[in-house]
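Quick notes on the structure that follows.
Each residue takes its place number in the sequence, starting with 1. Just so it is clear, the model here is predicted, and its values are computed rather than measured.
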Amino acid sequence: MIHTTSRVLASDLRAHLDQTVTVSGWVNALRLQRKMQFVILRDHSGMVQVTHKRDGSPLEAVLESLTPESAVRITGRVVDAAQVKLGGLELVPESVEVLNRAETPLPIDEHTGPEHRLDWRFLDVRKRATAQMVFAAQTTLEQGLREYAMQNGCTEMHTPKLMGTASESGAEVFKLGYFDRSAYLAQSPQFYKQMAVAAGIDRVFEIGPVFRAEPSFTSRHATEFTGVDVELSWIDDVEDVMAFEERMLAHAIAKVAEVHGEAIREVFGIEVVVPEAPFPRITMAEAQEILRAGGWDPEGVKEDLDPEGERTIAAHMKERTGHEFVFITHYPASIRPFYHMRPADRPDLTLSFDLLWKGLEITTGAQREHRSDVLLKQAEEKGMDTEPMQDYMNIFRFGCPPHGGLGAGLGRILMVMLGLDSIREAAFLFRGPNRLTP
């Protein structure tokens, strides 16, 4: 079959009034009446009503045979029709080609629960504008993050996801067979990006997969997710890292607001607020003091903030500063990795931070310890065997610059930005302790 006209999107039909065009998409709905046949066709840009008066023709039979979600190509005339809710126009068909007829009934509908929807994710995404919007927003968000990083001297790196030794503490890593020995999936590009700054690559940036073998079943955990990582060398202190991140996020969020703000308001009912830099900062000790005054952790035993603590302190700071973001700084050394630098006068603390957005932790960052003798001492203090980490320890023996960096979760940023209920909706195909398919 020869196609003389190229495809026109549903959203562009108004520009083709009284012309014959070809549209391609899915059957969104069918209303097959006694005298008329109505088909609502949907493509990624929107919908159009196809209207056919029954005439006993082969065309009538083809329309009669359609099923919801069948893939079709329809050629017809675009006609002004004020009574039609979809754009005030309709398509009067001249030919209908069924490219792939959908089986009936469909395995999911609007009443299907979230877990079962994930089993049929391609249909779930296809049928819901909100799901498609997530990936449009994600594309622009990543573009904004990259753009800021590149404008500010970052080189994008792609670090290995296979490691010969378990990284960091050795906990929460996936072990896999690697020829005649074991390998591990990287739970962070941390060590590799530190190696890159030691290699003289001044500022490093990566957006890539991260694997965490934690059996967490919360709405904010995944076993494989996309990490946004930055490492900056020749810094004066951890403040340089926080300043970089807040400006990078403000730049990227502004881009999303500019490109998709209206659509997000329409589809999610959410306003994308572009944050002002600097973001408020509060030390962990101050945060705990404020929380305990309000009855959090009455026994006074928690070293870290739990999700409730994070939400409460974020709400408190929003009230005090009007800001949705807050940096919590100076975490205790006992709950931070051995490679976080500690202030000279407070060896019990670290020069580290978490960034909360609307009460959800989206980033962890720190100034790293770049002096090999101090690093060795801190690893031993934590009872770590430094033998398997020799490649890592070697980075600091031959003139490593002062540096610091951050790791953020792309899915979590999207989740907060779009008001999603779960991280499952921020990934195309979610991976969790109980999900390796589809």
How close do Pro278 and His323 get, heavy atom to heavy atom, and via which atoms?
O-NE2, 4.0 Å
Will you find, in the side chains of Glu90 and Thr51, an N or O donor that is under 3.5 Å from an N or O acceptor?
yes
Between the main-chain N or O of Gly88 and the side-chain N or O of Arg14, is there a donor-acceptor pair closer than 3.5 Å?
yes
Neighbour count >12 (heavy atoms, 6.0 Å) for atom CD, Glu262:
no
With ring pair (Phe, Tyr, Trp, His ring centres under 6.0 Å) as the test, would you mind laying out the steps for Phe244 and Tyr148 before giving the verdict?
CA-CA 9 Å; Phe244 185 95; Tyr148 181 86; 5.3 Å; yes
Do Gln49 and Leu91 come within less than 4.5 Å of each other through their side chains, counting heavy atoms only?
no
Any donor-acceptor N or O pair under 3.5 Å, side chains Arg281, Thr329:
no
Is a donor from one side chain sitting under 3.5 angstrom from an acceptor on the other, for Glu361 and Thr364?
yes
Please lay out, stage by stage, how Arg42 and Glu69 fare under the test salt bridge (Lys or Arg N to Asp or Glu O under 4.0 Å).
CA-CA 9 Å; Arg42 181 187 75 246; Glu69 294 305 319; 2.8 Å; yes
Ion pair present between Arg7 and Asp12, side-chain N to carboxylate O less than 4.0 angstrom?
no
What distance separates Leu63 CG from Leu30 CG, expressed to the nearest 0.5 Å?
8.5 Å
Check against side chain to side chain donor-acceptor pair (under 3.5 Å), His251 and Glu147
CA-CA 9 Å; His251 178 89; Glu147 192 174 74; 2.7 Å; yes
Looking at Arg203 and Thr155, would you say the former's side chain and the latter's main chain have a donor-acceptor pair under 3.5 Å?
no
Look at the side chain of Arg121 and the backbone N and O of Leu429, then say whether any donor-acceptor pair between them is shorter than 3.5 Å.
no
Rounded distance (nearest 0.5 Å) linking atom OG1 of Thr130 with atom CE of Met133
10.5 Å
Using a cut-off of 6.0 Å, state whether more than 12 heavy atoms not belonging to Trp296 lie near its atom CH2.
yes
Within the distance-only criterion (no hydrogens, no angle test), does the side chain of Asp297 pair as donor or acceptor with the backbone N or O of Lys302 below 3.5 angstrom?
yes
Smallest heavy-atom separation, His330 atom then Leu351 atom, equals NE2-CD2, 4.1 Å
Within the structure provided, determine whether Ile423 and Met415 are in side-chain contact (heavy-atom separation under 4.5 Å).
yes
When you compare the side chain of Val72 with that of Leu99, does any pair of heavy atoms fall below 4.5 Å?
no
Test your reading of the model: is there a side-chain donor-acceptor pair from Glu324 to the backbone of Pro275, 3.5 Å cut-off?
no
Is it true that the side chains of Ser45 and Ser11 contain a donor and an acceptor less than 3.5 Å apart?
yes
Heavy-atom nearest pair, Ala10 first then Met47, reads CB-N, 3.8 Å
What pair of heavy atoms forms the shortest contact from Ala277 to Arg247, and how long is it?
CB-CG, 4.4 Å
Measuring from atom CD1 of Ile313 to atom CD of Glu289, what distance do you get when rounded to the nearest 0.5 angstrom?
10.0 Å
Check: Pro107 and Leu123 side chains under 4.5 Å, non-hydrogen atoms
yes
Is it the case that more than 12 heavy atoms not belonging to Phe135 sit under 6.0 Å from its CZ atom?
yes
Residue pair Phe327 / Glu246, side-chain heavy-atom distance below 4.5 Å:
yes
Using modelled atom types only, decide if a donor and an acceptor are shared between the side chain of Ser422 and the backbone of Arg424 within a distance under 3.5 Å.
yes
Nearest heavy atoms of Ala102 and Pro68, plus distance in Å:
CB-O, 3.3 Å
Taking atom CE of Met150 as the centre, does the number of heavy atoms from other residues, nucleotides or ligands within less than 6.0 Å exceed 12?
no
Classify the side-chain pair Asp43/Trp26 by whether it contains a donor and acceptor separated by less than 3.5 Å.
no
Looking only at heavy atoms, which two atoms of Val125 and Ala131 are closest? And how far apart?
CA-CB, 3.8 Å
Would you say that Phe279 contacts Leu355 through its side chain, given a criterion of any heavy-atom pair below 4.5 Å between the two side chains?
yes
Tell me if a side-chain donor or acceptor on Thr350 pairs with a main-chain N or O of Tyr331 at a distance below 3.5 Å.
yes
Taking the basic N atoms (NZ, or NE/NH1/NH2) and the acidic carboxylate oxygens, is any pair closer than 4.0 Å for Arg311 and Asp306?
no
Looking at His260 and Ala136, would you say the former's side chain and the latter's main chain have a donor-acceptor pair under 3.5 Å?
yes
Say whether Glu286 and Thr283, considering side chains only, have a donor N or O and an acceptor N or O under 3.5 Å apart.
yes
In Å, rounded to the nearest 0.5 Å, how long is the span from CZ of Arg212 to OG of Ser188?
6.0 Å
Strictly below 4.0 Å, N to O, side chains only: are Arg146 and Glu156 in salt-bridge contact?
yes
Distance in Å, Gln288 CD paired with Ile282 CD1, rounded so as to fall on 0.5 Å steps:
10.5 Å
Classify the side-chain pair Glu103/Thr67 by whether it contains a donor and acceptor separated by less than 3.5 Å.
no
Take atom CD in Glu319; do more than 12 heavy atoms of anything else shown fall under 6.0 Å from it?
no
Could you check Gln37 against Arg31 for side chain to side chain donor-acceptor pair (under 3.5 Å), going step by step and ending with a plain yes or no?
CA-CA 6 Å; Gln37 292 169 306; Arg31 291 209 317 282; over 6 Å; no
So, Glu231 and Gln194: side-chain donor and acceptor under 3.5 Å apart, yes or no?
no
Which of parallel (below 30°), tilted (30 to 60°) and perpendicular (above 60°) describes Tyr392 and Tyr339?
perpendicular
Would you say CD of Glu64 has more than 12 non-hydrogen atoms from neighbouring residues, nucleotides or ligands within 6.0 angstrom?
yes
Show, in sequence, the C-alpha distance, side-chain angles and deciding distance for Arg336 and Asp354, and conclude whether the salt bridge (Lys or Arg N to Asp or Glu O under 4.0 Å) test is met.
CA-CA 11 Å; Arg336 286 306 218 206; Asp354 273 7; 2.8 Å; yes
Under 3.5 Å, side chain of Lys193 to main-chain N/O of Phe205, donor-acceptor pair present?
no
Flag for Gln132-His44: side-chain donor and acceptor within less than 3.5 Å:
no
Check the surroundings of atom CD in Glu276: do more than 12 heavy atoms from other residues, nucleotides or ligands lie under 6.0 Å from it?
no
Salt bridge (Lys or Arg N to Asp or Glu O under 4.0 Å) between Glu110 and Arg128, worked out
CA-CA 9 Å; Glu110 60 277 13; Arg128 289 189 305 131; over 6 Å; no
Between Thr22 and Val8, is any pair of side-chain heavy atoms under 4.5 Å apart?
no
Salt-bridged, Glu206 to Lys161, with N to O below 4.0 Å?
yes
Within the side chain of Arg101, is there an N or O that forms a donor-acceptor pair under 3.5 Å with the backbone of Ser65?
yes
Hey, are the side chains of Glu60 and Lys53 touching, using non-hydrogen atoms and a 4.5 Å cut-off?
no
So how far is it from Leu420 CG to Ile270 CD1, rounded to the nearest 0.5 Å?
8.0 Å
